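Structure first, then comments.
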Protein chains: 2
Amino acid sequence: MTSHCFMPGMSRRAVLALASLLAVLSGPVMTGLSPAGYAHAQTAPADPLGSWNDGPAKQAIIDFVRATTDPANPNFVGPEDRIATFDLDGTLWVSHPMYTQVVYAFDRVPAVVKAKPELATVEPFKTVLSGDQAAIAQLSTKDLETIVSVALSGMSVETFRAETNKWLETAQHPRWKRPYTALAYQPMQEVINYLRAKGFRTYIVTGTIQDFVRVFAERVYGIPPEQVIGSADTLKFGYDAQGKPLLTIEPNLLLNDDFSGKPDDIYMFIGRRPFAAFGNSTGDRQMLEYTKAGRGIRLAMIVLHDDAKREYAYGPAEGLPNTRVGYFPQGLYDEAKKQGWIVISMKNDWKRIFAFE
Amino acid sequence: MTSHCFMPGMSRRAVLALASLLAVLSGPVMTGLSPAGYAHAQTAPADPLGSWNDGPAKQAIIDFVRATTDPANPNFVGPEDRIATFDLDGTLWVSHPMYTQVVYAFDRVPAVVKAKPELATVEPFKTVLSGDQAAIAQLSTKDLETIVSVALSGMSVETFRAETNKWLETAQHPRWKRPYTALAYQPMQEVINYLRAKGFRTYIVTGTIQDFVRVFAERVYGIPPEQVIGSADTLKFGYDAQGKPLLTIEPNLLLNDDFSGKPDDIYMFIGRRPFAAFGNSTGDRQMLEYTKAGRGIRLAMIVLHDDAKREYAYGPAEGLPNTRVGYFPQGLYDEAKKQGWIVISMKNDWKRIFAFE
């Protein structure tokens, strides 16, 4: 909403004052601070990025927010344009050893095969059912896509939601023995909350199926369904036995929200270019390029997984091995340096990684 | 955003009080009233639906808003779920004698043919160039889709925006000799503003290309780009001569946001079922069914164009002739009555139709 169109009786100064007042009032609602906690923050603000070590990455976030939210700054951005987009896997939560939606799809395969027994002898389902970990590790990206496509479709959107909730409650990551949703990165949670408190709208933009992410995004990241953009299957509109409309998920990918699909879908869903974007792999490259190419100050950040001890280490730094999940080759690292994207070192920039630590 | 997740330190009562305070503060910003006008409204509220005659349609809107926004009402709806969706053509502005995007596409044909001379001898472009109004009136729906698809694509999203703005500034409706954007229905503007002042988020959900609608939706209806859902072409991600990302519109329809495409896309973009929906033709049927089938009180309204004098008359009532544009057959009228959709009679329910009257 642009001020000149909708506040005809108000000066720009009055509009800004009102915007500030609204930000003050809506701040605690958005960030989850209690009124008492907020009143305290007024006099002696706690560090909103407390899980970050001081350094260029933390400073870049603070500088960006200062510049874009100060009405006196030439790079001030109106609240309507304060859009920040975050990749999910490897940027907001752990994606190793497998993307969480792939783990979920694997767990669903026995039920899927029970419903469609003919799949038991068909690849890649046969390999998944064999339990042969070496063979499973050899499945191609296309095989994995087929498994996700079949296992996460063929049901109503309500059934999908209920089933996903049930799985998230019981499934545990093999290393930490905790629910996958507990493996959100605390420093990134803080960035999301900080940006939101400063009037940014925070979006997840992910290659994972968006319906899957919408089940937990609000609870875990405070991000409502309409701010989750992801890969999406086509829907079939029909009616149930009572004649009520029914949306059924089909095994056909309509949106592949990865690589150039990210800026495409950001444009299609939001119609605005982000001022900040966060990623961790080649799948985020075009989103970071698109964000950084806009006018004024733009923040592009990329998470480098260089902490084998506390999480995982892979990618271009220090000759780390690369992997299919969260692929981060040297070329992307070079582009980050050349384009002025800020590389976040998990090892050096993050004081703590998980909330439970 | 659900209150129990994000305001842990606040009681439900405190949350509601804060929500009311925010609504009071944001009301004038959203509706465009000046602070002075708003202060006046505090003591002696002006009728927010002043262009509506008293009657069942106006009363249904008021009753719906009262029930869904009163915390003491069993049908209270939290602010996060207050979603209202509006069809555009024939619901929010005039769509006769041709959908505005089709008029725009026709106007672009000479330039398109100049750029691609081979189209001059190919149908349906040949007929459009002939200027033969009888032959043009006989073009099929598929022909019109082809013209829109070709004429509104093949350029960057920035060029599309600039070209559309230029056209909207000069093009005039043949009957009223005014810009198309002046032909927004004043009573519907009031419904949009009223709902927004009561904490609803208002979306346009249209069969028209969403990029076209986004150019004027904020200025005309106060609806920002991320709340415009419409038909959409695929995008091609590339780079310009300076190496900057460039999104080019391709002549391939990715989303056909009409009929069952409307609930599909509402689910895909918003992930929530609307509590109120407004339409005027068979293209809105599934959106109205989907909305009305939700739990609690839902408002489904359908505009009947029965005012030949002030606008147009077509559809099922009083044996009016039907037309391809805004098709409203008797079967849809019967379904509206059966399902409890409220039929809006332009003749009887609207005191005035346009702001300029």
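The chains referred to below are lettered A, B, ... by the order of the sequence lines, with proteins before strands, and numbering in each begins at 1. All values derive from a computational prediction rather than experimental measurement.
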Rounded to the nearest 0.5 Å, how far does [atom2] of [Y] lie from [atom1] of [X]?
X: B:L235; Y: A:I266; atom1: CG; atom2: CD1; answer: 11.5 Å
X: A:E218; Y: B:E80; atom1: CD; atom2: CD; answer: 7.0 Å
X: A:D264; Y: B:T248; atom1: CG; atom2: OG1; answer: 10.0 Å
X: B:Y290; Y: A:L247; atom1: OH; atom2: CG; answer: 5.0 Å

Chain B contact via A:F259 - side chain, backbone, both or neither, heavy atoms under 4.5 Å: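 For A:F259, no heavy atom lies under 4.5 Å from chain B.
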Interchain contact, A:L255 with chain B, by part (heavy-atom threshold 4.5 Å):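 For A:L255, the side chain is the part near chain B, not the backbone.
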Exercise: identify the closest heavy-atom pair between [X] and [Y]:
X: B:M268; Y: A:F269; answer: O-CE2, 3.4 Å
X: B:A293; Y: A:P245; answer: CB-CD, 3.6 Å
X: B:P225; Y: A:R272; answer: CD-NH2, 3.4 Å

Contact winner vs chain A - [options], heavy-atom pairs under 4.5 Å:
options: B:P263, B:A232, B:G230; value: B:P263
options: B:L254, B:I270, B:T234, B:L246; value: B:I270
options: B:R201, B:Q242, B:Q227; value: B:R201

Option that, when pairs with chain B are counted at under 4.5 Å, heavy atom only, ranks first among A:K244, A:K236, A:K292, A:E289: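 With the most close heavy-atom pairs to chain B, the winner is A:E289.
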Chain A contact via B:Q210 - which portion, at a heavy-atom distance below 4.5 Å: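 For B:Q210, the side chain is the part near chain A, not the backbone.
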Chain A contact via B:R273 - which portion, at a heavy-atom distance below 4.5 Å: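 Only the side chain of B:R273 comes within 4.5 Å of chain A.
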